[in-house]
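Residue numbers begin at 1 in each chain, while the letters A, B, ... track the order of the sequences.
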Protein chains: 2
Amino acid sequence: MNSSRPVTIKDIARRFRCSPSTVSRALNDHPAINEDTRKNIQEYAKEVGYQRNEVSLSLLNKKTATLGVVVPTIGNYYETAVIEGLHTILQPLGYTLNICVTNENYLLEKEYLSKLLSNRTEGIFLSVSQETYDAGYYEHLESVIQRKTPLIFIDREYEDFETSRATVDDYHGAFAAVEHLLTIGYKNIAHLKGPNGLTVSEQRFKGYRDCLKKYDIPIREELIINTNFKVESAIVPTKRLLDLDSPPDAIFGVNDQVAIGAMRVILDRGLKIPGDVGIVGFDNSPISAYTYPSLTTVHRPGRKIGMEASRLFLNQLNGSGDFVHENIVLPTELIIRESSLRIS
Amino acid sequence: MNSSRPVTIKDIARRFRCSPSTVSRALNDHPAINEDTRKNIQEYAKEVGYQRNEVSLSLLNKKTATLGVVVPTIGNYYETAVIEGLHTILQPLGYTLNICVTNENYLLEKEYLSKLLSNRTEGIFLSVSQETYDAGYYEHLESVIQRKTPLIFIDREYEDFETSRATVDDYHGAFAAVEHLLTIGYKNIAHLKGPNGLTVSEQRFKGYRDCLKKYDIPIREELIINTNFKVESAIVPTKRLLDLDSPPDAIFGVNDQVAIGAMRVILDRGLKIPGDVGIVGFDNSPISAYTYPSLTTVHRPGRKIGMEASRLFLNQLNGSGDFVHENIVLPTELIIRESSLRIS
DNA sequence: ATAATGTATGCAAACGTTTGAAAAAATTTT
DNA sequence: AAAATTTTTTCAAACGTTTGCATACATTAT
């Protein structure tokens with residue numbers, strides 16, 4: 001046998017020949033307890049390493065002080081920043097964050113949600129997986145809604161689903177990025193797009209497209225290629241772009257990773273950045289300031305998103321009557337660095 | 001009021017004018033239950049969205065199927081890889097991972113451990129925080145030991161503390177990195193060291209030092225400068241190195257981040273990599289293959305560490321009699337790329 | 001001494017579920 | 001029709017803790 005049974009309140013009661021209630025009260029500094037009794041019990045409890053069984057308390061109080069954070073991945077800077085933001089607000093309030101990584105997998109997401117509900121999690125922060133989004137599934141959310149567990153969407157949202165959301169203004173971020181390239185003098189701007197269907201991908205793509213429209217630049221389909229957000233996934237697409245008869249003179253990457261991948265390919269071809277090709281990324285990940293050349297990017301306030309999402313949760317928790325659905329959209333900020341500064 | 005009371009087994013029992021036991025058995029497909037009863041109850045349960053309260057079960061069975069993962073940060077590729085590895089093995093076994101980020105803070109680490117124990121977590125994976133390590137604290141681990149909760153150390157270890165560990169062979173990884181630089185022809189190798197006191201920092205430093213010794217190269221104190229693992233923290237130290245009367249012709253960074261920071265400073269000075277200065281990092285983070293020039297680095301098998309740590313946990317769990325303490329040390333692999341290939 | 005007060009402790013129920021043993025109901029065998 | 005057997009259901013306890021109410025004891029005022 002392995003684990004020794006933890007000391008319980010009953011054990012202590014037996015030792016002092018008193019009732020569990022007395023022990024409980026003594027440990028919680030209840031006023032109606034004799035000073036000596038209290039001291040003795042507390043001392044003994046400390047000595048034997050008594051630790052209150054929170055599971056039983058959860059059952060009794062129907063409170064678990066646990067929140068679920070369901071995200072597709074934690075591999076990127078952004079997600080960890082969001083988690084940090086959630087943590088900053090919620091940890092001091094006594095909440096434990098249960099972080100679940102779905103790997104963009106619908107079934108896993110479903111299982112996690114079900115598990116979180118079974119464990120009586122008091123709130124769920126959800127960034128839906130790609131599979132979920134692609135397929136338009138939402139049945140697995142029904143039970144969350146039915147149970148009236150506060151549900152906060154982070155970034156990836158369902159178009160027609162009534163819940164609170166904290167998202168970044170990807171559209172205007174992308175718009176600003178492309179506009180920046182245009183005003184610097186770049187004319188043929190390609191876009192390394194994110195996976196189809198995801199809000200972040202589509203919003204950034206829309207920003208790209210609308211900006212070109214605004215400046216009366218025709219959209220060339222061959223300049224828009226998909227990636228999966230990862231560095232490697234930018235390699236082949238970028239080569240394809242450079243091999244075009246009329247290659248782009250600038251690339252807007254859906255995130256810093258693909259932008260960095262693109263830069264690598266471009267430099268390998270002996271082209272100059274930003275001289276021959278201008279590059280802009282998205283995220284403002286720590287590394288982006290130290291690549292060579294440093295990367296112009298769009299700052300995405302992950303920490304703030306986490307903090308705002310926490311606020312939304314707390315609002316819903318305290319919200320009297322029906323749910324209050326809020327939709328927070330945080331602005332981005334264009335960070336101009338070397339990769340887009342063509343010195344003419 | 002907000003959350004509607006979840007449906008319980010008692011509610012269903014009342015509805016069918018039977019006892020809770022019958023409902024429980026019906027839901028669990030117990031053989032001694034009438035087929036019709038079973039079907040009716042299961043249907044109704046589904047209809048009203050019944051979900052078993054796992055909290056009560058945890059209390060009853062003294063099993064929570066929850067494991068704690070306590071790490072200083074999740075900002076780097078490596079940690080997320082470890083978590084992925086743990087996840088790969090443990091999720092299919094029904095375990096939920098409770099990921100706790102200490103931000104290198106002792107107090108937070110202590111609080112998390114205490115909370116995990118209170119919540120009757122069945123095992124803890126711990127990478128101790130820098131503060132904890134610096135101060136040599138270990139009292140907060142006593143209660144974990146006392147409770148005989150399986151405790152697995154990840155990477156950062158206490159020298160004299162009897163538990164299972166899964167670590168990477170930092171020493172030989174560093175040794176190989178430096179040896180590689182030496183055999184290529186670099187003579188003055190600097191080291192951007194990690195924070196003092198941490199096992200990873202010290203082991204890599206030792207590898208660096210011992211390799212120089214082996215090749216009879218005197219250690220120059222001024223070539224060893226501390227960083228905190230982050231890109232930014234490499235900037236000033238690298239400048240300092242380059243400003244020396246006799247600057248190094250190669251730099252071994254404690255991780256990829258600082259190596260990338262160093263590269264940036266070097267390139268800014270108009271020096272060539274690897275021509276003037278050779279660079280080696282540590283981690284083999286995804287980005288390291290796509291920097292310009294690409295970074296020679298030491299592969300650190302994070303995923304494997306997570307999987308091995310899971311195995312250690314499972315061993316301890318099934319271990320008959322006393323604890324089985326195992327010490328797994330995984331080998332690293334030198335990944336040679338452009339940043340160290342001096343073409344003479 | 002008795003009543004009135006104050007202080008300290010115990011009882012029992014509750015949270016939601018499972019499970020061995022007992023009881024009840026239905027079926028089969030004599 | 002009674003007995004034996006099988007099938008189905010209920011009872012009660014357990015997990016660890018808290019808390020309103022009752023009770024016991026000690027102290028003070030009458």
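Between Asn53(A) and the phosphate of dT17(D), there is no side-chain N or O to OP1/OP2 separation shorter than 4.0 Å. Remark: Ser24(A) is in phosphate contact with dT18(D), judged by side-chain N or O atoms under 4.0 Å from OP1 or OP2. In terms of phosphate contacts, Thr37(B) brings a side-chain nitrogen or oxygen within less than 4.0 Å of OP1 or OP2 of dT9(D). The side chain of Lys62(B) contributes an N or O atom lying less than 4.0 Å from OP1 or OP2 of dG16(D). In terms of phosphate contacts, Asn28(A) brings a side-chain nitrogen or oxygen within less than 4.0 Å of OP1 or OP2 of dT18(D). Listed pair Lys10(B) / dC15(C) meets the phosphate criterion, a side-chain N or O lying under 4.0 Å from OP1 or OP2.
Remark: C1' of dA24(C) and CD1 of Ile33(B) are 14 Å apart, rounded to the nearest angstrom. If you measure from atom NE2 of His30(A) to atom P of dT19(D), you get 8 Å, rounded to the nearest angstrom.
Nearest-nucleotide mapping onto DNA chain D: of Leu27(A) and Ser19(B), the residue sitting toward the 5' end is Ser19(B).
A donor-acceptor contact under 3.5 Å is not formed by the side chain of Thr8(A) with the base of dC15(D). Between the side chain of Arg5(B) and the base of dG16(C), no donor-acceptor pair of N or O atoms lies under 3.5 Å. Residue Ser58(B) places no side-chain atom within donor-acceptor reach of the base of dC15(D), judged by atom type and a 3.5 Å distance cut-off alone.
With 3.5 Å as the limit, one finds no donor-acceptor pair spanning the side chains of Asn105(B) and Gln130(B). Between the side chains of Ser164(B) and Gln316(B), at least one donor N or O sits under 3.5 Å from an acceptor N or O. A side-chain N or O of Thr132(B) and one of Glu109(B) form a donor-acceptor pair less than 3.5 Å apart.
Of the charged side-chain nitrogens involved, at least one lies within less than 4.0 Å of a carboxylate oxygen, so that Arg14(B) and Asp11(B) count as a salt-bridged pair.
Among the heavy atoms of the strands lying under 4.0 Å from Leu57(A) are primed sugar atoms or P, OP1, OP2 only; no base atom is included. Across all strands shown, Arg52(A) has heavy atoms under 4.0 Å from sugar-phosphate atoms exclusively, and none from any base.
Ring geometry, Tyr112(B) versus His87(A): the interplanar angle falls from 30° to 60°, so the pair is classed tilted.
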